[in-house]
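For the numbers below, each heavy atom of this structure counts, side chains included, while hydrogens, waters and symmetry mates do not. Throughout, numbering of the chain's residues begins at 1 and tracks the sequence.
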Amino acid sequence: MGPSGSGKTTLLSLLGCLLRPDAGSVFIGGSEVSRLSAIEQTRMRRHIGFIFQAFRLFQALPALENVLVSADISGCRHRYVQIAKQLLADLGLAKKAALKPDELSGGEKQRVAIGRALLLNPSIILADEPTASLDAAASMQISQILRSLAVEQRRTVVVVSHDHRWNQFAHRTILLENGHPVGDRRNIQCEERHFEYSLV
């Protein structure tokens with residue numbers, strides 16, 4: 001967490017192998033990312049699901065096809081069609097699979113984006129201001145979905161946000177200012193519930 005310009009998105013890009021650090025190291029699964037080749041970094045990114053603030057859905061594609069984009073890029077679409085349908089159903093969008101983004105609400109678009117991020121079964125989910133453009137009800141729903149991914153499916157979920165409502169869902173909150181960590185808080189309630197969360 002932190003104000004605009006504090007380095008939250010830059011940190012997420014470093015964790016997601018989209019940027020190389022000028023100093024220091026980023027380790028994922030025991031591998032130092034900056035020492036990997038471009039091809040190895042691409043392979044590493046297959047274990048990471050990205051959820052963007054602005055959804056980044058293709059306006060000409062219906063919800064199901066938007067979820068399948070990563071499978072299309074990987075050349076393995078046929079293996080994931082049923083998985084994509086099930087993801088939409090799990091996210092409460094089974095009846096919206098054929099609708100295009102302009103026919104969906106903000107919360108529904110974000111759930112499509114979450115489905116796309118989960119399609120290839122990544123162990124790490126990186127979310128950049130996933131509720132910034134949503135109303136309170138949709139924000140709560142998305143927050144609960146992401147927390148469920150961490151608690152029930154044991155995935156690492158890293159959210160960057162300036163919205164303090166995330167405090168109730170996070171096991172650990174790191175505060176950033178001017179690109180530097182200035183605080184590190186743990187949510188005792190989450191720890192009492194054995195909520196396992198490991199920051200990359």
Among all residues two or more places apart in sequence or in another chain, which pass the side-chain contact (heavy atoms from CB on, under 4.5 Å) test with [X]?
{"X": "H164", "answer": "M1, N167"}
{"X": "S161", "answer": "E129, V159, D163, W166"}
{"X": "S4", "answer": "none"}
{"X": "A54", "answer": "none"}

> With K96, which residues qualify under side-chain hydrogen bond (donor to acceptor under 3.5 Å, both in side chains), at least two apart?
Replying inline: E108

>> The criterion is side-chain hydrogen bond (donor to acceptor under 3.5 Å, both in side chains); which residues satisfy it with Q41, sequence neighbours excluded?
In response: none

Mind listing the side-chain donor-acceptor pairs of residues 115-125 below 3.5 Å, one per line with the distance, residues two or more places apart or on another chain?
| from | atom 1 | to | atom 2 | distance (Å) |
| --- | --- | --- | --- | --- |
| R116 | NH1 | R56 | O | 2.7 |
| R116 | NH2 | F55 | O | 2.7 |
| N121 | OD1 | R155 | NH1 | 3.4 |
| N121 | OD1 | R155 | NH2 | 3.1 |

> So if you build clusters from Ile, Leu, Val, Met, Phe, Trp, Tyr with side-chain heavy-atom gaps below 4.5 Å, do L61 and I73 land together?
Replying inline: yes

> So, for A63 and L88, which heavy atoms are closest and what is the spacing to 0.1 Å?
Replying inline: C-CD1, 4.3 Å

> Residues in salt bridge (charged side-chain N to carboxylate O under 4.0 Å, His left out) with E32, at least two apart?
Replying inline: R35

>> Applying salt bridge (charged side-chain N to carboxylate O under 4.0 Å, His left out) as the test, list every pair that has at least one member in residues 40-50; sequence neighbours left out.
In response: none

> Got a sec, which pairs hit salt bridge (charged side-chain N to carboxylate O under 4.0 Å, His left out) with one end in residues 58-75, sequence neighbours left out?
Replying inline: E65-R77, D72-R77

Return all side-chain donor-acceptor pairs below 3.5 angstrom for residues 15-24, not counting sequence neighbours, or 'none' if the list is empty.
| from | atom 1 | to | atom 2 | distance (Å) |
| --- | --- | --- | --- | --- |
| R20 | NH1 | S34 | O | 2.6 |
| R20 | NH2 | L36 | O | 3.3 |

Could you list the donor-acceptor pairs under 3.5 angstrom formed between side-chain atoms of residues 173-182 and any protein atom two or more places apart in sequence or on another chain?
none

